[in-house]
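Okay, so here's the structure we're looking at.
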Amino acid sequence: MPETRFNRLEQARLEKAEVLRGLGQGPYGLRFDPSHRHAELQRLHADLANGQERDEQVAVAGRVMTRRVMGKLAFFTLLDETGPIQLFIEKATLAAALPDQPEAFTQLTTLVDAGDWIGVSGSLRRTDRGELSVKVSAWQMLTKALQPLPDKWHGLADVEKRYRQRYLDLVVSPGTRETFRRRALLVSGIRRWLDERQFLEIETPVLNAEAGGADARPFTTHHNTLDLPLVLRIATELHLKRLVVGGFERVYELGRIFRNEGVSTRHNPEFTTVEIYQAYADYTDMMALTEELIAAVCQQVCGSTAIEYQGTAIDLTPPWRRATMHELVEQATGLDFNGFSSREQAAAAMAAAGLEVPESADCVGRLLNEAFEQRVEDTLVQPTFVTDYPVEISPLARAHRSKPGLVERFELFIVGRETANAFSELIDPIDQRRRLEAQQERRAAGDLEAHGVDEDFLHALEVGMPPTGGLGIGIDRLAMLLTDSPSIRDVIAFPLLRPEAAPPVG
RNA sequence: GGGUCGCUAGCUCAGCGGUAGAGCACUCGGCUUUUAACCGAUUGGUCCUGAGUUCGAAUCUCAGGCGACCCA
């Protein structure tokens with residue numbers, strides 16, 4: 001390995017690592033038993049007055065974030081998962097505690113850099129300035145870092161670097177740590193809420209012969225031994241419904257799905273959803289479930305159901321607004337889509353109202369959806385259930401019990417973003433076959449997002465699926481909302497980015 | 001896919017046609033109550049890549065790379 005691989009900063013750290021090795025101090029420790037973390041120490045010793053000491057031995061470990069050495073006294077801050085703890089490092093204290101290591105103070109202050117992991121033990125002291133500190137009487141190197149930390153004051157401002165080197169972002173950005181902590185609480189909160197209500201989480205395949213359950217282009221891959229082309233799932237819907245056919249009355253799956261589509265502040269090619277199916281329920285039941293579930297986890301994660309997102313107050317306290325797609329479009333555009341009997345009529349009215357009329361919207365229902373996306377979607381800032389969708393864009397939803405041409409479906413919008421989607425599930429195998437065949441025709445005509453016909457799924461419906469309510473929630477978008485993050489990349493630890501440099505040829 | 005902006009030291013940034021700069025970090029010296037510690041000294045560069053214009057390019061032009069934001 002050529003020496004030139006390391007720059008002078010890394011080289012200096014390597015030299016320190018060698019000195020530490022010679023002293024029997026790692027530089028890569030085996031184990032350490034911290035007695036407390038930052039949060040516990042702060043809680044347990046909140047009563048310790050400024051300038052006072054408490055003769056209780058503690059051991060803490062973490063990454064050295066800052067160093068302030070002044071002659072025979074030094075202050076380090078050590079960061080553990082819960083926060084920073086100050087180390088009060090006194091030459092005299094170390095010398096008294098370690099009579100056989102007269103150089104301990106010098107070694108600690110010259111061989112330990114910002115970025116290193118160390119473990120220390122000592123007693124407690126709150127400094128004159130009020131900072132709870134561990135008065136160090138022994139220390140050990142746990143890991144020598146070869147890379148310097150980013151600027152301690154400005155942190156990592158380069159967004160690209162924050163995404164590519166998330167580990168560094170996490171080290172220096174408390175807000176990033178908090179975001180992923182909240183995301184974890186969100187995910188575990190959803191699971192707990194569902195588990196408490198007797199929903200079973202059952203895992204379904206990621207690799208499938210056919211993509212189904214959503215309008216999206218899949219990633220394609222290949223199984224070598226079976227010589228089989230496969231696609232990654234774009235939804236978990238069709239398998240979860242098979243489980244309902246099999247007799248599981250309440251099932252869900254919280255997991256990753258994959259859509260081979262663009263990347264934006266709201267889209268990542270792999271993202272996380274939870275799909276929930278409840279037998280004997282319909283879409284109104286799923287609306288109630290959605291409200292309760294999201295309000296509950298919001299309360300757990302944020303401590304309130306009234307939150308702020310990018311400067312806008314959002315109130316997730318149930319009940320939420322409910323409105324039909326037709327009503328909302330009429331309010332926004334003045335166009336009553338109930339009155340249109342042909343695509344031409346609707347298209348002309350839309351054009352007259354200044355809306356775009358894309359070629360691909362080949363029926364009244366799709367035009368209605370266009371009008372909704374163009375004029376309504378962005379305006380739905382407070383949580384809103386948009387109900388009663390056109391059948392043409394809802395191939396897996398049950399026909400509405402009283403409104404011809406519509407289905408029993410809702411989508412939940414919050415801050416203008418689709419956050420959940422739910423139906424009274426279509427359980428009639430004959431109707432379902434007709435719908436999927438219509439999709440198949442669209443696909444044959446070039447619509448790469450149209451569904452295919454999944455014969456086994458149809459067979460399952462023929463075996464008989466009870467009336468069922470189904471719901472899908474986008475976890476990433478919910479995480480954005482609950483962490484006040486403007487981009488989906490902020491709530492995905494390692495978002496997809498192009499490789500920094502072109503891969504080597506060959 | 002289109003537009004705008006960005007890419008300079010480990011980090012944060014300035015420089016915008018005439019010797020490559022600052023703060024922090026690093027290294028060395030000093031310092032027992034700091035918390036962006038302080039004081040002094042030193043060190044550190046593929047100015048994203050390539051081509052062009054020019055006596056001279058980090059700077060201007062073109063092409064490319066990566067990213068951010070907006071639009072579709």
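Because only heavy atoms are used, hydrogens play no part in the values below, and waters and symmetry mates are left out as well, while side chains stay in.
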Could you measure between the two [atom1] atoms, the one in [N] and the one in [M], and give it in whole Å?
| N | M | atom1 | value |
| --- | --- | --- | --- |
| B:rU46 | B:rU8 | P | 11 Å |
| B:rU27 | B:rU33 | P | 23 Å |
| B:rC48 | B:rG65 | C1' | 7 Å |
| B:rA58 | B:rG50 | P | 12 Å |
| B:rA57 | B:rC62 | C1' | 14 Å |
| B:rU43 | B:rA51 | C1' | 35 Å |
| B:rA25 | B:rU19 | P | 29 Å |
| B:rG45 | B:rA36 | P | 31 Å |

Please determine which of A:Arg183, A:Arg489, A:Arg417 meets the salt bridge (charged side-chain N to carboxylate O under 4.0 Å, His left out) test together with A:Asp476. A:Arg183
Of all the nucleotides listed ([options]), which has the minimum atom distance to the side chain of [X]?
| X | options | value |
| --- | --- | --- |
| A:Arg68 | B:rU33, B:rU35, B:rC11 | B:rU35 |
| A:Glu90 | B:rA36, B:rU32, B:rU27 | B:rU32 |
| A:Arg8 | B:rU32, B:rU43, B:rU33 | B:rU43 |
| A:Gln86 | B:rU35, B:rG10, B:rC11 | B:rU35 |

Between [atom2] of [N] and [atom1] of [X], the distance in whole Å:
| X | N | atom1 | atom2 | answer |
| --- | --- | --- | --- | --- |
| A:Asp151 | B:rC13 | CG | P | 9 Å |
| A:Asp158 | B:rC24 | CG | C1' | 17 Å |
| A:Lys72 | B:rU33 | NZ | P | 11 Å |
| A:Met70 | B:rC39 | CE | P | 12 Å |
| A:Tyr167 | B:rG10 | OH | C1' | 13 Å |
| A:His154 | B:rA14 | NE2 | C1' | 12 Å |
| A:Leu111 | B:rU27 | CG | P | 10 Å |
| A:Gln11 | B:rU27 | CD | P | 13 Å |

Please assess A:Glu270 against A:Arg256 for the test salt bridge (charged side-chain N to carboxylate O under 4.0 Å, His left out), listing each intermediate value before the final yes or no. CA-CA 6 Å; A:Glu270 55 179 302; A:Arg256 203 74 56 83; 2.6 Å; yes
Comparing A:Thr66 and A:Gly71 on RNA chain B - which has the more 5′ nearest nucleotide: A:Gly71
Of A:Ala12 and A:Ala92, the one whose nearest nucleotide on RNA chain B sits closer to the 5' end is A:Ala12
Which part of the nucleic acid, if any, lies within reach of [X] when heavy atoms closer than 4.0 Å are counted: base, sugar-phosphate only, or nothing?
| X | value |
| --- | --- |
| A:Val172 | nothing |
| A:Lys16 | sugar-phosphate |
| A:Arg67 | sugar-phosphate |
| A:Gly155 | sugar-phosphate |
| A:Ala114 | nothing |
| A:Arg164 | sugar-phosphate |

Does [X] have a side-chain nitrogen or oxygen under 4.0 Å from the phosphate oxygens OP1 or OP2 of [N]?
| X | N | answer |
| --- | --- | --- |
| A:Arg498 | B:rG65 | no |
| A:Lys161 | B:rC11 | yes |
| A:Lys152 | B:rC11 | no |

Hey, mind stepping through A:Phe413 and A:Val376 against side chain to side chain contact (heavy atoms under 4.5 Å, CB included) and telling me if it holds? CA-CA 10 Å; A:Phe413 287 82; A:Val376 180; over 6 Å; no
Polar atom pairs (N or O), protein with nucleotides 68-70 of chain B, under 3.5 Å:
{"residue": "B:rA68", "atom": "OP1", "partner": "A:Arg489", "partner atom": "NE", "Å": "3.2"}
{"residue": "B:rA68", "atom": "OP1", "partner": "A:Arg489", "partner atom": "NH1", "Å": "3.1"}
{"residue": "B:rC69", "atom": "OP2", "partner": "A:Arg489", "partner atom": "NH1", "Å": "3.4"}

If you count every heavy atom of other residues, nucleotides or ligands that lies below 6.0 Å from A:Glu356 atom CD, does the total exceed 12? no
Cation-pi check for A:Tyr389 against A:Arg409: NZ or CZ below 6.0 Å from the six-membered ring centre and within 45 degrees of the axis, yes or no? yes
Could you tell me if A:Arg166 sits above the aromatic ring of A:Phe494, with its cationic atom closer than 6.0 Å to the ring centre and no more than 45 degrees from the axis? no
Take A:Glu40 and A:Arg37 through the test salt bridge (charged side-chain N to carboxylate O under 4.0 Å, His left out) and record every step on the way to the result. CA-CA 5 Å; A:Glu40 296 157 336; A:Arg37 297 204 287 188; 5.2 Å; no
If we call it a pair only when both distances are under 3.5 Å in a Watson-Crick or G-U wobble match, what pairs with [N]?
| N | answer |
| --- | --- |
| B:rC7 | B:rG65 |
| B:rG44 | none |
| B:rC60 | B:rG52 |
| B:rA22 | B:rU12 |

Chi angles and distances behind the side chain to side chain contact (heavy atoms under 4.5 Å, CB included) call for A:Asn50, A:Thr127: CA-CA 6 Å; A:Asn50 289 7; A:Thr127 63; over 6 Å; no
Apply side chain to side chain contact (heavy atoms under 4.5 Å, CB included) to residues A:Arg477 and A:Arg266 and explain how you reach the verdict. CA-CA 7 Å; A:Arg477 290 179 182 180; A:Arg266 289 174 298 281; 4.2 Å; yes
Apply side chain to side chain contact (heavy atoms under 4.5 Å, CB included) to residues A:Met350 and A:Leu335 and explain how you reach the verdict. CA-CA 8 Å; A:Met350 278 176 69; A:Leu335 301 176; 3.9 Å; yes
